[in-house]
S.K.: 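Once you've had a glance at the structure underneath, I'll fire off some questions.
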Amino acid sequence: MTLSAHPPRIGLTIRIGVTGHRPDKLDAPPGHLAAEVAAVFGTLRTMADSLRDTIPDAYDGGRPVLRVVSALAEGADRLVAQAGLDAGATLHAVLPFPRTEYQADFPDPASSAAFHTLLDRAAAVLEYDGRRSDSPGAYEAAGLGILQQSDALIAIWNGKPAEGRGGTADIVGQAVARGLPVIWIDSLGRRPTGLLTADGGGDHTVAPLPGLRDRLATVVVPPTPAAGPHGEKGADLRRTYFTEAPPGRSWGGLFTAFAALVVSGKPRGLLGGAGFDPQASVEAWRQELAAVPGLPPPVPRFVLDGLALHHGWADALATHYAGLHRSSFLVNYLLGAVAVFLALLGVAVPAWANAGTVAELVVIILIVANTAIGQRRCWHQRWIDYRQLAEHLRYLRFLAPLGLSAPDIRAPAHLGAPESGKDWVAWLLRAIVRQLGVPPVQMGEAHREAMRRLLLDGELMPQISYHQNNAARMKILDHRLHIGGNVLFTVTFLACAAHLAVDHHAALAGWLTLVAAAGPATGAALYGIRNHGECARVAQRSAAMTKELTVLADALQKTPVAPAGVEETARRAAEIMGAETLDWRFVFRGKPLILPV
């Protein structure tokens, strides 16, 4: 396949959920509710176009997509769905039961025909496997699924308290609790349409509808970049990311070669950039999805079309910039030791004193230049952010087809991190999820079994293997660098002792002085590499992840395919891996490329 020139941009999508009463509680004058809903969509279209115009380079430049997310029940659900379609919106449906069971809610032939007409016009349909023995629970699950897929909620509601689970008032309360904007259209036609801003147990406050624009802006407008951990101004990756291009050859493989040499004695991967191929990740996902028995065809299309290329680019770019950053700090530390050696070369060989000084100056210039280039090009920041993006997109591969969203992993306050969800990575993830939409699946035993196999064989087992190998490799790397430092300390001690014994021999004493100074400098360089690479901590974290994920995989193999069983396991897997990614991010966020002083 042809490699795209840049990471794919996303379209601006604004999702409008709907909840409301069935016809027996829609007591407004004839035509009133339809007119109010049509006016709301007119306002939403104006707001969407206005938001796009204020951030023209954040999305793909196409007209914003309005999407209605509805359960298609009689009354409010269908009224909003039809009005949205008439206004040019797309329709996604979330049903509490399989469609064949749900249509029993509509015994009237005309109502049943209307249901199927809207269903046929829906771009995606998620069918939950609710049980009639727990109808309130089924309607509640569909309502919560709609909230999860919404940026704002249209509620055609009489304002009365909830009468049970899954009803209009219950879903409105859940939306308010989540901070979701609620556009309240009074089903009695007595109040003006506006934003529900408070719920006082029957005493509701409504704000003017234009205030919705600011609420939507907090979701769809990318945030202003935050300063780095040391107050430095970084790249505006909101824009830089979409201009990234396939890199040429670089020295980004130097750290990998160094680590391989220390661990196995065989350096490899000296040049970075040569294997840059975002499409390789797409093809790997395609093969993994194809290997899952019983996975309905819409699921691979949903994942590959909506997530795979985004992940491929983020993953490849993260690997590229990780190589550049790691190789740069490796070079800095090693050149620092070389500079000390050159500075004292004249002590051992006086004739080379001037040449050594010149060479030292060249090495120092190389260190400064390497550091300045890495800082200016933000290799460190790009690595951290792109890796976080790639990891969260990978979790969505098994969460989204189950109708789940990525967990909100919040950093402890003492880390001094930006507020959760306020960085550009979180913004882009939300934009991708909004564009992705409702998974076109029918929940049930067959789908859960297929997703169980995908989670187990396509995610947990590869991650367990990765962490096992990484823990072993980083432990060896840390140990051998530590041993190397000890050996250099011993050599330095012996050189100092020998210097005392041969002080009368000027030539030999000069060489011993050189060894006594260069030994600690090289040992310090090895310690700096260990510390900057967090070899011991990474090894410990990977060992812990191996245990955590193994427990989860063992439990998943025993999990019966039952409602919510696979979903809970998938959510827990994402929480574990998300927490590990967060810990990794804040450890290495404090390891920028600096001078080795």
Side-chain angles (χ1 to χ4, degrees), residues 5-9 55 57-58 222-256 271-273 276 278 310-333 335 365-393 411 415-419 422-429 431 528-529 531-534 581-597:
H6 306 287
R9 287 185 179 271
I55 45 173
D57 57 349
T224 301
H230 301 284
E232 69 275 13
K233 183 179 179 181
D236 186 356
L237 296 185
R238 300 174 302 170
R239 295 176 172 85
T240 302
Y241 175 71
F242 295 111
T243 64
E244 295 280 8
R249 289 183 177 271
S250 70
W251 68 350
L254 187 59
F255 181 84
T256 300
L271 291 177
F276 186 90
H310 291 294
H311 172 268
W313 268 96
D315 182 64
L317 287 170
T319 300
H320 171 65
Y321 286 113
L324 288 174
H325 173 72
R326 289 167 165 166
S327 297
S328 294
F329 79 68
L330 172 69
V331 166
N332 273 5
Y333 282 116
L335 287 182
I365 291 173
L366 289 175
I367 293 172
V368 172
N370 177 50
T371 304
I373 291 171
Q375 290 178 348
R376 188 176 71 251
R377 296 183 180 177
C378 299
W379 293 338
H380 175 251
Q381 181 187 357
R382 284 168 150 166
W383 166 42
I384 297 295
D385 285 2
Y386 295 168
R387 177 51 59 200
Q388 181 188 8
L389 175 62
E391 294 303 294
H392 281 83
L393 285 168
L415 291 177
E419 185 179 346
K422 298 297 184 181
D423 61 3
W424 79 273
V425 173
W427 161 76
L428 182 53
L429 283 167
I529 294 167
N531 178 65
H532 211 107
E534 290 285 354
T581 299
L582 184 70
D583 177 70
W584 169 87
R585 178 186 179 187
F586 286 104
V587 168
F588 284 98
R589 185 171 177 262
K591 302 288 184 180
L593 181 62
I594 57 176
L595 295 174
V597 293

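The residues of the chain are indexed from 1 along the displayed sequence. Computed over heavy atoms, backbone and side chain alike; hydrogens, waters and symmetry mates excluded.
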S.K.: Test Arg326 against Leu254 for side chain to side chain contact (heavy atoms under 4.5 Å, CB included), laying out the working first.
M.R.: CA-CA 8 Å; Arg326 289 167 165 166; Leu254 187 59; over 6 Å; no
S.K.: Taking all heavy atoms of Pro7 and all of Trp313, pick out the closest pair and write down the distance.
M.R.: CG-CE3, 3.6 Å
S.K.: Does the side chain of His320 come within less than 4.5 Å of Ser250's, by heavy atoms?
M.R.: yes
S.K.: Taking all non-hydrogen atoms of both residues into account, name the closest pair between Arg9 and Asp57 and its distance.
M.R.: NH1-O, 2.6 Å
S.K.: Got a second to check how far Ile365's CD1 is from Leu335's CG, nearest 0.5 Å?
M.R.: 12.5 Å
S.K.: May I ask you to decide if the ring planes of His532 and His325 are parallel, tilted or perpendicular, using 30° and 60° as cut-offs?
M.R.: tilted
S.K.: To the nearest 0.5 Å, tell me how far His380 NE2 sits from Tyr321 OH.
M.R.: 14.5 Å
S.K.: So, for Tyr386 and Leu317, which heavy atoms are closest and what is the spacing to 0.1 Å?
M.R.: CD1-CB, 3.5 Å
S.K.: Under a 4.5 Å cut-off applied to non-hydrogen side-chain atoms, are His6 and Phe242 in contact?
M.R.: no
S.K.: How long is the gap from CZ on Arg376 to OG1 on Thr371, to the nearest 0.5 Å?
M.R.: 12.0 Å
S.K.: Does a side-chain heavy-atom distance below 4.5 Å link Lys591 with Asn531?
M.R.: yes
S.K.: Side chain to side chain contact (heavy atoms under 4.5 Å, CB included) between Ile373 and Trp379: does it pass, once the steps are laid out?
M.R.: CA-CA 9 Å; Ile373 291 171; Trp379 293 338; 3.8 Å; yes
S.K.: Once rounded to the nearest 0.5 Å, what's the spacing between atom CG of Asp236 and atom SG of Cys378?
M.R.: 10.0 Å
S.K.: Is the closest basic N to carboxylate O distance between Asp315 and Arg387 below 4.0 Å?
M.R.: yes
S.K.: Measure the shortest side-chain to side-chain distance between Val425 and Leu429 over non-hydrogen atoms and say whether it is less than 4.5 angstrom.
M.R.: yes
S.K.: Are Gln388 and Asp423 side-chain neighbours, meaning at least one heavy-atom pair lies under 4.5 Å?
M.R.: yes
S.K.: Which heavy-atom pair separates Pro223 from Trp427 by the least distance, and what is that distance?
M.R.: CD-CB, 3.7 Å
S.K.: OG/Ser327 to CG/Asn370 distance, rounded to the nearest 0.5 angstrom?
M.R.: 9.5 Å
S.K.: Write down the atom of Asn332, the atom of Leu593, and the distance for their closest heavy-atom approach.
M.R.: ND2-CD1, 3.7 Å
S.K.: Is Asp385 close to Arg585 at the side-chain level, that is, under 4.5 Å between some pair of heavy atoms?
M.R.: yes
S.K.: Distance check, rounded to the nearest 0.5 Å: His311 atom NE2 versus Leu389 atom CG?
M.R.: 9.0 Å
S.K.: Over 60° means perpendicular and under 30° means parallel, so classify the ring planes of Trp424 and Tyr241, tilted if in between.
M.R.: tilted
S.K.: Kindly give the heavy-atom pair with the smallest separation between Ile529 and Phe329, and that separation in Å.
M.R.: O-CE1, 4.1 Å
